[in-house]
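Below you'll find the structure, written out as structure tokens, and then a few comments.
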Amino acid sequence: MKIDTQLLNSVQKDDLEALGIGAGILGTGGGGHPRVGKLRLLTLLEDDEYPDAVDIVQPTDLAADATVASVGGMGAPTIGVEKLPNGQEEINALESIERFAGREVDALIPGEIGGVNSIVPLCVGLMTGLPVVDGDGMGRAFPELQMDTFFIYGHPVNYAAISDEHGNTISYQDIDSAKRLEDFARAATVDMGGRAGYAFPLMDGEFVTEYSIPRTLSLIHELGRRVLDAQSGGGDPLGAIQETVDGRHMFTGKVTDVLRRNKEGFARGEVTLASLDDDTDLTIEFQNEFLIARNDGGSVLASVPDLICLVDKDTGLPVTTDALRYGQRLAVLGVPAPELLKTDAALDVVGPKVFGYEIDYHPL
């Protein structure tokens, strides 16, 4: 994945359209619908109570002993577009872990890059005055919280909290594994109606600098900007995406079937596309995010942790798992995963076998 781009110093209202597009593309179908995230931040930026920009800092600019927390939303994307937040969930969770730890957070970082979860830390940063780190823990979106580089590379589950739209907050301390926290928090999120805000863990700046995937907010902004420029200038949005993130065009087709269901706090299912050029099909399975793409002969074209991104074939705009509909004409792009997701330690947590696919990972 390329991350050679102009770095953000702040996020303002004029940046939102590009951020939403880029986040939706690299969110691989999940992490929330970009329109929800964009509108949520736009509402705050237009409110005179808050500043007109969110400060962005690079991971390398963090003090070694700075306290950094990840904040975002948890739940099925299909529920996230119907059950809107009240805006305080993540702040309630953040304040809860600050009380538990007895110290205040100095900066925020997205846990993943997704349509909403890239934007939520910016909302919390604007409301609290905290800067947001230009990076995240996945470089894409994954369905489970233990699948970020923070936990993959050994950070303890020291403090965590989730909160719903009614202010009900559950706090966790010193859970023995990130997977167990995922199980606890997922069950509680289902009881909360399928969506909750989270904050976890508390990390120091030195750890975040070493193990976050850097400059991803800048990357999604650049990606979205290039798509918009291609649209307005009569260019090729698909080509702009591929050039920006070293993407590969794998398939173009019409959606002929969508199987989607909410189960155990996830949106699970598959989508089938019929080629616009010949008689072949492509099937993509998802669990919040697109996980594996197979042709009609059963051959795997791409799998996690590489990114499978579905976009409108003409505009390059992202299509999330909750927005899949019969008749859409989509391009399927593959994007190489960040290097931190391709180590043996990472593949034990985010490789295809973790999701039940008995295949070996072959990187794009």
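Bear in mind that the values here come from a model prediction, so they are computed numbers and not experimental data. As a basis for the values below, the full set of heavy atoms in this structure was taken, side chains included, without hydrogen atoms, waters or symmetry mates. FYI, the numbering just counts along the sequence from 1.
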Minimum-distance pair of heavy atoms, taken over all atoms of [X] and [Y]:
| X | Y | value |
| --- | --- | --- |
| Gly27 | Glu289 | O-CG, 3.6 Å |
| Leu341 | Met138 | CD1-O, 3.0 Å |
| Ala230 | Ala240 | CB-CB, 4.4 Å |
| Leu238 | Asp312 | CD2-O, 4.0 Å |
| Phe142 | Met147 | CD1-O, 3.4 Å |

Regarding [X] and [Y], do their side chains bring together a donor and an acceptor under 3.5 Å, going by distance alone?
| X | Y | result |
| --- | --- | --- |
| Asp136 | Thr216 | yes |
| Thr283 | Arg294 | no |
| Tyr159 | Asp174 | no |
| Thr343 | Tyr153 | yes |
| Ser96 | Thr169 | no |
| Ser218 | Asp134 | yes |
| Glu165 | Asn86 | no |

### Query
Does the ring center of Tyr357 lie less than 6.0 Å from the ring center of Phe355?
no
#### Entry: Test of ring centre spacing under 6.0 Å for Phe207 and His155
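So the answer is yes for these two rings.
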Evaluate whether atom [atom1] of [X] has more than 12 neighbouring non-hydrogen atoms of other residues, nucleotides or ligands under 6.0 angstrom away.
| X | atom1 | result |
| --- | --- | --- |
| Asp344 | CG | no |
| Arg35 | CZ | no |
| Glu206 | CD | no |
| Arg103 | CZ | yes |

### Query
Hey, what's the ring geometry for Tyr172 with Phe184, parallel, tilted or perpendicular (30° and 60° as the breaks)?
parallel
### Query
Do the side chains of Val157 and Asp176 get nearer than 4.5 Å, heavy atoms only?
no
### Message
Can you confirm whether Leu347 sits close enough to Pro305 that some side-chain heavy atom of one is under 4.5 Å from a side-chain heavy atom of the other?
### Response
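Heavy-atom side-chain distance check passes, below 4.5 Å.
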Tell me whether [X] contacts the main-chain N or O of [Y] through its side chain, where contact means a donor paired with an acceptor under 3.5 Å.
| X | Y | value |
| --- | --- | --- |
| Asn117 | Gly72 | no |
| Ser303 | Tyr361 | no |
| Ser232 | Asp229 | yes |

### Task
Scan Leu94, Val124, Asp106, Asp55 and name whichever one has a side-chain contact (heavy atoms from CB on, under 4.5 Å) with Leu130.
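Exactly one candidate clears the test, Leu94.
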### Same apolar cluster (I L V M F W Y, side chains within < 4.5 Å links), Ile359/Phe290
no
